[in-house]
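Take a look at the structure below.
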Amino acid sequence: MNKRSFLLGGVATIATTGSVFADRQMAQGMGGMPAMGGTSGSRDMGGMAKPSGRIAALPEGAPLRDLPKLANASSTPGQFVGTLVAAPTKIELAPGKVTEILAYNGHLVGPMIEIDEGDQIKISFENRIAGQESTIHWHGLPIPPQQDGNPMDPVASGSTHLYGFTIPAESAGPYWYHPHPHRNTAEQTYRGLAGPFIVRPRTNPLPAELVETTLFISSISLLENGAIAPNTMVDWMNGREGDHVLVNGQRNPVLQAAPGSSRRFRIYNATNGRYLRLSFGGHTMTLIGSDGGFLASPVPGVTDILLAPAERADVVVDFRRAGGRVTLQDLPYDRGWMGPGKPASTNRSLLSIDLSGQPQQPVTLPTRLRTIPPLGASMATKRLLLGERMSTGPNGMTMEFLINGRAFDMARIDFTSRRGDVETWEIVNPTDMDHPIHLHGMHFQIVEREKNGQKAAEPILAWKDTVNVARNETVRIKVRQDIPGRRMFHCHVLEHEELGMMGVVDVI
Ligand code: C2O
Ligand code: CU
Ligand code: CU
């Protein structure tokens with residue numbers, strides 16, 4: 001069972017909120033109230049009050065650091081052998097305060113794994129997290145589910161596990177890795193366990209002189225003493241946004257670039273629950289790739305990009321200005337909210353780019369990047385109705401997020417798909433919030449979005465592994481599963497995933 005009880009602080013507020021959601025739940029006819037479970041799954045999730053006693057600001061403006069790279073212990077061409085150790089690590093984020101994070105190999109952003117299409121990967125994972133199982137999930141990689149770090153395959157605290165898989169041809173793209181243990185995914189990830197996994201193409205369609213920078217965006221909330229703040233009830237309901245948005249583990253770092261130059265940015269939203277609407281101000285972006293690698297052609301003139309949790313964007317920016325500072329801004333986006341504690345919108349700067357030095361010429365991008373064949377006629381339809389359910393009982397409040405009225409149960413198979421069949425998955429979201437829906441181990445194509453009876457074809461054909469389904473929206477995607485086995489699909493607001501919004505598809 002996946003139930004959580006909120007042990008109450010502000011009873012009145014919560015009781016009111018609870019009945020509102022309960023009424024809506026019954027009005028929508030999505031099933032009765034959940035039975036209150038025992039106390040075994042209960043956890044104190046903090047009060048409803050706006051968090052106080054937190055560190056309000058972190059130092060900014062240090063030079064953007066390159067992400068450390070995971071060393072390849074193999075000298076055989078086409079092979080990558082490495083080790084990732086998840087362990088508590090002490091770092092300093094706020095001056096003079098010690099923050100204990102969970103880190104892969106001691107780094108706040110896990111080391112970057114960079115390999116080529118077709119490579120054979122062997123990564124030994126050591127779980128040194130006291131008292132908790134963990135796994136490593138290779139987000140977006142088209143690999144067999146047995147090697148994909150699913151909650152069914154936990155790695156016990158104190159033990160080591162070897163993951164092994166081969167990266168298929170034509171799968172270059174910006175992937176990432178993070179823990180996926182049953183009921184501890186959200187916490188282990190917000191404590192620091194996540195890193196980029198880049199698959200390089202055999203032939204790069206981009207000009208060789210184009211410089212690239214990976215921007216791995218996460219967030220963190222710190223108590224006054226420097227410790228990572230636990231999730232509050234607001235975090236559990238809405239997804240943890242985090243007080244401080246970090247790029248490569250740094251608050252608003254500075255990057256140096258030549259005036260007139262072009263730069264490629266691979267941008268990750270690795271936060272648990274914060275939507276990012278990114279803009280380089282007056283400098284437009286050319287979108288060249290998405291979750292599953294390059295688009296067919298570059299899309300120039302993009303002013304801002306919405307990245308829901310787990311989504312990635314690959315963009316090129318030409319800094320057509322003689323000098324000065326350009327900032328990467330996080331613009332407001334209304335993704336819906338349950339209860340109090342909605343953060344004020346900000347136009348905060350996530351990264352500053354200082355233009356200085358010898359002027360350069362922008363690069364010219366090719367008109368074609370790759371071929372993306374449309375998936376074609378679909379043979380079956382699957383429907384995912386997203387839901388939320390809140391109830392009060394003797395132990396406090398239970399909050400669940402549901403798919404087709406059910407909370408995640410790893411022993412249950414929710415869907416069966418036949419290998420090679422093209423299917424339409426229709427994801428319907430009548431809830432209070434947007435939900436970014438992710439399918440493991442494959443890429444899909446977004447077909448259309450429907451809101452208030454209006455259908456709109458998706459303008460850009462891309463390979464995706466995560467799609468934002470806005471509230472009151474229905475999104476249709478085409479899915480073709482090529483690898484047999486049981487894999488997960490879920491909301492990538494990790495708190496929602498943990499509170500039930502996840503299912504199992506068995507590919508036969
Ligand atoms: Cu990043 Cu189950 O996913
Ligand atoms: Cu995944
Ligand atoms: Cu969600």
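The figures here come from the full heavy-atom set of this structure, side chains too, leaving out hydrogens, waters and symmetry mates. Order of appearance sets the numbers: ligands from 1, and atoms from 1 within every ligand. Here the structure is a predicted model, which is why all the values come from computation and not from measurement.
Residues Arg412 and Asp414 are paired through a salt bridge, judged by an N-O separation under 4.0 Å between the basic side chain and the carboxylate. By the 4.0 Å N-to-carboxylate-O rule, Arg200 lies too far from Asp119 to be salt-bridged with it. Taking a cutoff of 4.0 Å between a charged side-chain nitrogen and a carboxylate oxygen, Lys451 and Glu473 do not qualify as a salt bridge. In this structure, Glu212 pairs ionically with Arg266, as a charged nitrogen and a carboxylate oxygen lie closer than 4.0 Å. Salt bridge status for Arg476 with Glu450: present, with a side-chain N to carboxylate O gap under 4.0 Å.
Here the rule is side chain to side chain contact (heavy atoms under 4.5 Å, CB included) with Arg487, and of Val504, Val505, Leu439 only Val505 fits it. Tested against Ile167 for a side chain to side chain contact (heavy atoms under 4.5 Å, CB included), the candidates Tyr175, Phe197, Phe80 yield a single pass: Phe197.
Distances from atom 2 (Cu) of ligand 1 under 2.8 Å pick out these protein N/O/S atoms: His180 NE2, His440 NE2, His490 NE2.
Protein atoms of type N/O/S that fall under 2.8 Å from the Cu ion (ligand 2) number 2 in this view.
Between Trp176 and Arg312 there is a side-chain heavy-atom pair separated by less than 4.5 Å.
Residue Lys69 qualifies as open at atom NZ: its count of foreign heavy atoms under 6.0 Å is 12 or below.
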